[in-house]
Amino acid sequence: ILVGSMNGGLALMILVSGLLRLMNVIDTGPGPMSGTERTGYLVGTFTGYAVGFICLLLAPVIIFGGIRMMKGANYGLARAAAVLAILPFTSCCFLAGIPIGIWALVVLAKPEVKSLFGRG
């Protein structure tokens with residue numbers, strides 16, 4: 001739940017900063033650049049915005065999966081949320097998501113936890 005919330009907040013900040021950049025009539029970036037540098041700058045910028053957009057879309061899935069995990073319901077969604085928290089292109093905060101996601105997967109693999117989900 002925490003990683004999903006951080007993902008949503010960070011992704012929102014990334015997208016808002018991109019929107020503000022566009023409203024300032026295209027920021028040319030740092031000083032004069034050659035064509036190759038400009039292309040690299042644009043590709044990097046738009047890749048960052050794409051990852052931010054993906055993270056913003058998947059943040060509710062991670063949050064909902066964490067909630068379902070707490071309630072012992074929907075084992076598949078709980079595992080999927082843990083995996084999504086680990087992956088860099090689905091989680092802006094994957095550095096925090098890696099240990100938390102691995103911990104969640106380890107806990108979800110325990111037989112007593114699996115049986116809890118089976119009762120729900």
Side-chain angles (χ1 to χ4, degrees):
I1 296 170
L2 177 64
V3 171
S5 300
M6 290 183 339
N7 279 339
L10 186 57
L12 195 59
M13 287 190 318
I14 289 169
L15 295 175
V16 167
S17 73
L19 182 63
L20 292 175
R21 243 182 178 177
L22 289 175
M23 289 172 55
N24 285 335
V25 188
I26 306 266
D27 178 22
T28 59
M33 292 189 271
S34 69
T36 305
E37 290 173 327
R38 176 93 174 135
T39 301
Y41 173 77
L42 291 173
V43 168
T45 299
F46 288 113
T47 300
Y49 297 151
V51 170
F53 183 71
I54 291 169
C55 291
L56 188 62
L57 290 178
L58 292 176
V61 175
I62 296 172
I63 293 169
F64 188 64
I67 292 169
R68 301 308 289 167
M69 188 183 311
M70 280 186 1
K71 293 185 177 190
N74 202 337
Y75 184 79
L77 179 61
R79 283 185 56 102
V83 170
L84 287 174
I86 294 171
L87 299 175
F89 287 105
T90 60
S91 175
C92 293
C93 298
F94 69 95
L95 290 177
I98 288 173
I100 293 171
I102 290 173
W103 169 78
L105 289 173
V106 168
V107 169
L108 287 169
K110 293 181 179 182
E112 61 270 18
V113 174
K114 284 185 182 180
S115 68
L116 173 71
F117 279 89
R119 284 188 267 149

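Source: prediction; values computed, not measured.
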Item checked: CZ on F53 to CD1 on I14, rounded to 0.5 Å -> 13.0 Å
Checklist line | Spacing of L58 atom CG and I63 atom CD1 [to the nearest 0.5 Å] | finding: 11.0 Å
Margin query: Using every non-hydrogen atom in the two residues, find where A81 and G66 come nearest and quote the distance to one decimal.
Written below: CB-N, 4.3 Å
Notebook entry, point to check: Do M69 and V107 have side-chain heavy atoms sitting under 4.5 Å apart?
Noted result: no
Item checked: Cluster check L87, F64: I/L/V/M/F/W/Y, side chain < 4.5 angstrom -> no
Checklist line | L15 side, atom CG; M13 side, atom CE - distance, nearest 0.5 Å | finding: 11.0 Å
Check: For the atom pair CD1 (I100) and CG (L95), what is the distance rounded to the nearest 0.5 Å?
Finding: 11.0 Å
Note to self: Using every non-hydrogen atom in the two residues, find where K114 and A109 come nearest and quote the distance to one decimal.
What the structure shows: CE-O, 3.8 Å
Check: Taking a hydrophobic cluster as the set of Ile, Leu, Val, Met, Phe, Trp and Tyr residues connected by side-chain heavy atoms closer than 4.5 Å, whether directly or through intermediates, do L12 and L57 fall within one such cluster?
Finding: yes
Next item on the list: Identify the two heavy atoms, one from A59 and one from G4, that lie closest to each other, and give their separation to 0.1 Å.
Entry: CB-O, 3.4 Å
Next item on the list: Take V61 and L77 through the test side chain to side chain contact (heavy atoms under 4.5 Å, CB included) and record every step on the way to the result.
Entry: CA-CA 8 Å; V61 175; L77 179 61; 4.2 Å; yes
Check: About how many Å separate CD1 of I62 and CD1 of I67, when rounded to the nearest 0.5 Å?
Finding: 12.5 Å
Margin query: Checking R79 now: which residues fulfil side-chain contact (heavy atoms from CB on, under 4.5 Å) with it, not counting sequence neighbours?
Written below: Y75, L105, L108
Item checked: Atom pair CD1/CG of I54 and L84 - distance to nearest 0.5 Å -> 11.5 Å
